[in-house]
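I have placed the structure first, in the form of structure tokens, so that the comments after it can refer back to it.
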Amino acid sequence: MLSKNASLKKLNSFGLNVTTKTIFLLTHENQLPELITAVNVAKNNHQPVLILGGGTNILFCENFNGLIIKVELSGIDLVETHDHFFLNVSAGENWHQLVVYATQNNIRGLENLALIPGVVGAAPVQNIGAYGVEFEQICEKVKVIDLITGKLVTLSNKECEFSYRYSIFKTKQMANALITSVTLKLKKNWRPQNSYGALKALGESVTAQQIFTQVCEIRKEKLPDIHVLGNAGSFFKNPIVGETQLSHLLKTYPNVAYYPYKTGEFKLAAAWLIDHAKLKGFQIGGALVHQQHALVLINKGNASPADVLNLAWHVREVVQIKFGVLLEHEVCFINKNGVTTLVKEITRVRSE
Ligand code: EPU
């Protein structure tokens, strides 16, 4: 279904008051031919096309000047083999509801990823991860449709080119690919992943249900509920630094929070850096740095896109001056023409 001049306020978890020229609600695969026509019309009119899932990892920097495709495809299919469960899940299913369904049915391996906001189709795009588990560890394949040609393609785990908060779906090559479903592969011979600090205490004989409950508790305590306070989860990525930069930092800040990443590389906790730059509670207009978790920027209710951009820029500058570390945003920035960056948008906003 195609609508014109639609509000996006309820379709982005930041709750920013922005609009789109047109929006297509994709609820069933039989709408695909109609969708492809709509995409071609937009392209012929030089209008941008954006695929939107739950809108929980996105910052609309201004009104969108093209076609938004809101993916609401639904359905969960379970296939069982001797050693594995395979879950074929449509892209519009709610991620957390999937985790609940799996955990309740004794299909284990998703419990660490409880309460991550958003829909299943968005999970491969940024390779969602939390508490020691990343989507790439459980992904078997991803089905996409090319919105220009209508061709259906299946990508294997390897072809998705996953890394930290990254996949091939973030590249230009996949710009016209709409994820329709994912297949998860979960071992029957499950082992708990409880290496993360607060989960360690649960011990080796912990059940998936206990991990699920604990993860929900930690997240509820630290991270603001998007239904109560507008936000998009972690706003910045945890920066990756080399050994030299880390030891340099440790000389001045021996308590800096970091984890080993790949050989010779370390992930710094961006939340620690922002917190220790004393930015918690710092506010610009209606946007502020969350008091409970410094990596989350929130909309107090009336924030404009410019408020969020100015706040993000301030955080980036202060952290860079204090620690010499450059923060990159994890949230996907969208301007009137499509994907953009903080640097480009702050320049635009300040020149207006
Ligand atoms: N910390 C502070 N101050 C704060 C918050 C945290 O100093 O205000 C410190 C903590 O004490 C800890 C460190 O920072 O030492 C890391 O904090 P936390 O364990 O909360 O995790 P994170 O690194 O900030 C990442 C993911 C989260 C994911 C958690 C748990 C990224 C960008 N974020 O956050 O993912 O839930 O680990 O695994 O990788 C998301 O992507 O939206 C998201 C919430």
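Order of listing sets the numbers, starting from 1, for every ligand and every atom in it.
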What protein heavy atom sits nearest [atom], and how far away is it?
atom	answer
atom 19 (O) of ligand 1	Tyr196 OH, 2.3 Å
atom 20 (O) of ligand 1	His293 NE2, 2.7 Å
atom 15 (O) of ligand 1	Ala257 CB, 3.6 Å
atom 7 (O) of ligand 1	Trp272 CA, 3.3 Å
atom 25 (C) of ligand 1	Asn238 ND2, 4.1 Å
atom 40 (C) of ligand 1	Ser234 OG, 3.2 Å
atom 6 (C) of ligand 1	Ala271 CB, 3.4 Å
atom 26 (C) of ligand 1	Arg165 NH2, 3.4 Å

For ligand 1, note which part of [X] has a heavy atom under 4.0 Å away: side chain, backbone, both or neither.
X	result
Ala269	side chain
Tyr259	side chain
Glu330	side chain

Q. Going by heavy atoms in the side chains, are Val18 and Pro305 under 4.5 Å from each other?
A.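 Yes, close enough: below the 4.5 Å cut-off.
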Q. Would Gln104 and Val100 satisfy side-chain contact (heavy atoms from CB on, under 4.5 Å), going step by step from the backbone distance to the final call?
A. CA-CA 6 Å; Gln104 280 175 352; Val100 171; 3.6 Å; yes
Q. Are Phe323 and Tyr253 close enough that their ring centres sit under 6.0 Å apart?
A.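 Yes, the ring centres sit under 6.0 Å apart.
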Do any non-hydrogen protein atoms sit less than 4.0 Å from [atom]?
atom	value
atom 37 (O) of ligand 1	no
atom 4 (C) of ligand 1	yes
atom 11 (O) of ligand 1	no

Contacting atoms of ligand 1, where contact means under 4.0 angstrom from a heavy atom of [X]:
X	value
Gly233	42 (O)
Leu295	24 (O)
Lys222	18 (P), 19 (O), 20 (O)

Using the six-membered ring wherever Trp is involved, compare the ring planes of [X] and [Y] and label them parallel, tilted or perpendicular (cut-offs 30° and 60°).
X	Y	answer
His96	Phe212	parallel
Trp272	His276	parallel
His329	Phe235	tilted

Q: Spell out, yes or no, whether Leu295 and Val315 are grouped together once hydrophobic residues are joined by side-chain heavy atoms under 4.5 Å, including indirect joins.
A: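 In one cluster with Leu295: Val315, yes.
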Does [X], backbone or side chain, put an N or O under 3.5 Å from an N or O of ligand 1?
X	value
His276	no
Ala294	yes
Arg219	yes

**Q.** Under-4.0 Å salt bridge between Glu62 and Arg348
**A.**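 A salt bridge links Glu62 with Arg348.
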Q: Give me the one residue out of Ile240, Leu327, Asn238, Val325 that meets side-chain contact (heavy atoms from CB on, under 4.5 Å) with Leu268.
A: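 When side-chain contact (heavy atoms from CB on, under 4.5 Å) is applied between Leu268 and each of Ile240, Leu327, Asn238, Val325, only Val325 qualifies.
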Q: Determine, stepwise, if the pair Leu110 / Leu186 fulfils side-chain contact (heavy atoms from CB on, under 4.5 Å).
A: CA-CA 8 Å; Leu110 293 179; Leu186 300 153; 4.3 Å; yes
**Q.** Glu134 CD to Leu113 CG distance, which is reported to the nearest 0.5 Å
**A.**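 Rounded to the nearest 0.5 Å, the CD-CG separation comes to 9.0 Å.
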Q.
Is the terminal nitrogen or CZ of Lys188 (NZ for Lys, CZ for Arg) located under 6.0 angstrom from the six-membered ring centre of Phe85 and within 45° of that ring's axis?
A.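 Verdict for Phe85: a cation-pi partner in Lys188.
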Q) When you measure from the centre of the six-membered ring of Phe24, is the NZ or CZ of Lys70 under 6.0 Å away and within 45° of the axis? A)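 Checked: cation-pi criterion not met.
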Q.
Please compare Tyr131, Phe236, Tyr164 and report which has the shortest non-hydrogen distance to atom 31 (C) of ligand 1.
A.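 Shortest heavy-atom distance from atom 31 (C) of ligand 1: Tyr164.
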